[in-house]
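Atom set for the values below is all heavy atoms of this structure, side chains included, hydrogens, waters and symmetry mates excluded. Atoms within each ligand, like the ligands themselves, are counted from 1 in listed order.
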Amino acid sequence: MTSSALICETEPWKDLKVHVDDIKKTHLRELMSDTKRCQSMMVEFDGILLDYSRQCATLDTLNKLKNLAEAAHLKEKINRMFNGERINSTENRSVLHVALRAPRDSVINSDGKNVVPDVWQVLDKIKDFSERVRSGAWVGATGKVLKDVIAIGIGGSFLGPLFVHTALQTDTEAAEFAKGRQLRFLANVDPIDVARNITGLNPETTLVVVVSKTFTTAETMLNARTLREWISAALGPQAVAKHMVAVSTNLTLVEKFGIDPNNAFAFWDWVGGRYSVCSAVGVLPLSLQYGFAVVEKFLKGASSIDQHFHSAPFEKNLPVLLGLLSVWNVSFLGYPARAILPYSQALEKLAPHIQQVSMESNGKGVSIDGVPLPYEAGEIDFGEPGTNGQHSFYQLIHQQFNIQPLAFTGELVSNHDELMSNFFAQPDALAYGKTPEQLLKENVPEHLITHKTMSCSADFSGNRPSLSILLPSLNAYSVGQLLAIYEHRVAVEGFVWGINSFDQWGVELGKSLATQVRKQLHASRKKGEAVEGFNFSTTSVLKRYLEASAD
Ligand code: F6P
């Protein structure tokens, strides 16, 4: 395959298209009865167990997917990423979030320069700063310890840190280090989010961390100005230096905003926003809350998966297997959505984070060379912790036509048997369903048989694929592992689909249109200018809004 050819034009893709018919004829009940198959569909690495035996796939499917990976030059693309090549070609950037968690002595080059020492310089600065804040060596303007932190940021400057924070809150070791401290996240530009964040907090004991890669994001900058005002009004403008710090790649704008550059924590354009939780974006607020040592364990967990992803053979490589199976489900079996169902309340923010990582990365309509895609890339991710989800949307998953591959994520070592009973039961309920014969034997009245056979096409009940990821325990290290598995899975999908998973032009379009509207609102309110330059619908609704919100 030449670099600009589409993957759907290759023989392995065409072969898989033909193979779909065989698979659709084979029920999961039959596939699950083949112990040898099931055995080879369980893979373990560094304590994590992936069981993908409930995928609508045979060993032959796996071979064909390996051929597809070869045709897509997957290995070369992974190597190019780790080698710091500018694989984000539309933005002319390397993609090196793996460098953010690389051991201190490793070498990862970008443009011929080893970036690891720069990464560790910032990590050391965070360690030092967070220890000073936590110990009271760095105090607020009135001499009080800064025990509360508000992290302002949105998208990748928010979702990843929130996911990790939520997961660590219940980890006994991390929680011990967080005693007496609070970490809050301010993301939405809706003033209610500001009000909720500052409620109960005292500016004297609060540190505000402004997190923005660009330092231009409208929501974040407005919230940053609002909290700057909150601090200045209470403690005087000079207090900002003690109560506000920043994380950004744009240190010039940080300084312009009024934050001392010495109190700014840098990262680099080779870190994509949605892949930035392991940079100062996540490490600073999380270190302030839990201490640097805990966060270092999180980085080590992610790094362990990075090394595995880079070097393990594909048949044992967790992110590669997950990515290839996603492509199989989306592009061949036609399942457009994926439910992420962690059987662990601590992972309640996993799905919102993965929504961004996956959908902003792979929701693309053109190949990396700008050729319109004749196939779907990307999938819809959604989710809710089990068992809550079971009492919400599982009904549709059990019976609807567009069967959705699921990722159950539970803890292998767990003392909550009630929760884990569901974790183990649901995948089988989805895979096996019930046959009319079984139900009749159970004396189910005839008029309820179709309702209970979970059948959407008259042929089958059950046959809903899923896969399970089991963690040995939930702690900073395994949260890092989980994060990296999902990040690399998304990259694998994108590499095979032949798209650029690291830009987000659709989002940029929305941002520029919002700027136009903002300018119009300002001109109408301040100068009484008429609404113009928009279509009939937008003009009408804008006018209505201006009338309703006029003072
Ligand atoms: O949502 C779009 C996006 O560009 C994300 O990729 C990014 O994480 C987010 O905006 C926030 O951007 P910034 O960190 O520059 O404020």
Side-chain angles (χ1 to χ4, degrees), residues 87-88 90-97 100 122 150-165 185-190 193-194 197 208-228 244-257 259 264-286 349-365 378 380-381 483 486-487 490-491 494 499-515 518:
I87 60 168
N88 176 358
T90 60
E91 295 181 314
N92 193 27
R93 288 175 182 165
S94 340
V95 176
L96 275 181
H97 43 279
L100 299 170
V122 175
I150 300 178
I152 305 175
I154 198 161
S157 296
F158 156 60
L159 291 161
L162 177 68
F163 152 59
V164 180
H165 171 52
F185 291 91
L186 171 55
N188 202 331
V189 77
D190 186 334
D193 208 12
V194 174
N197 261 279
V208 175
V209 184
V210 186
V211 185
S212 175
K213 180 176 170 180
T214 54
F215 229 69
T216 57
T217 303
E219 294 92 332
T220 301
M221 297 327 296
L222 179 57
N223 283 332
R225 287 193 294 274
T226 307
L227 287 207
R228 186 176 59 189
M244 283 187 101
V245 298
V247 175
S248 186
T249 58
N250 195 336
L251 301 183
T252 312
L253 287 185
V254 168
E255 189 169 8
K256 220 165 155 198
F257 178 85
I259 291 176
F265 299 82
F267 63 114
W268 307 270
D269 72 355
W270 42 260
V271 182
R274 51 194 174 274
Y275 298 94
S276 64
V277 57
C278 294
S279 72
V281 165
V283 175
L284 177 62
L286 294 165
K349 297 294 178 192
L350 174 66
H353 177 48
I354 298 310
Q355 260 171 8
Q356 193 209 14
V357 172
S358 163
M359 291 165 78
E360 197 169 87
S361 296
N362 288 345
K364 304 289 161 62
I380 301 155
D381 286 278
L483 172 96
Y486 275 95
E487 285 180 345
V490 166
I499 56 176
N500 183 355
S501 301
F502 306 105
D503 59 12
Q504 59 285 317
W505 296 107
V507 182
E508 303 306 333
L509 171 67
K511 281 187 193 170
S512 69
L513 289 182
T515 306
R518 202 175 297 115

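Taking every heavy atom of G273 and a limit of under 4.0 angstrom, the matching atoms of ligand 1 come to 8 (O). Short contacts between ligand 1 and Q356, defined as distances under 4.0 Å to a heavy atom of the residue, involve ligand atoms 5 (C), 6 (O), 8 (O).
At the shortest separation from atom 4 (O) of ligand 1 among protein heavy atoms lies K511 NZ, 3.1 Å. I154 O, 3.2 Å is the protein heavy atom nearest to atom 11 (C) of ligand 1. For atom 15 (O) of ligand 1, the closest non-hydrogen atom of the protein is T214 OG1, 2.6 Å. Summary of contacts: the protein heavy atom closest to atom 13 (P) of ligand 1 is T217 OG1, 3.2 Å. The protein heavy-atom contact nearest to atom 8 (O) of ligand 1 is G156 N, 2.7 Å.
Of all the heavy atoms of V507, the ones lying under 4.0 Å from any atom of ligand 1 belong exclusively to the side chain.
Paired with S361 under the rule side chain to side chain contact (heavy atoms under 4.5 Å, CB included), one option of N500, I499, V490 passes, and it is V490. For the side chain to side chain donor-acceptor pair (under 3.5 Å) with R274, the lone residue among Q356, E360, H97 that qualifies is E360.
Salt bridge present: D503 and K364 bring a charged side-chain N and a carboxylate O closer than 4.0 Å.
Between the side chain of K256 and the backbone N or O of L251, no donor-acceptor pair lies under 3.5 Å.
Summarising the contacts of atom 5 (C) of ligand 1 with E219, K213, E360, M221, the nearest heavy atom is found in E360.
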Legend entry - Pair F158-V211, side chain to side chain contact (heavy atoms under 4.5 Å, CB included): steps then yes or no: CA-CA 8 Å; F158 156 60; V211 185; over 6 Å; no
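Note that CG of N197 and CG of L227 are 7.5 Å apart. Values are rounded to the nearest 0.5 Å.
At least one side-chain heavy atom of F257 sits less than 4.5 Å from a side-chain heavy atom of M221.
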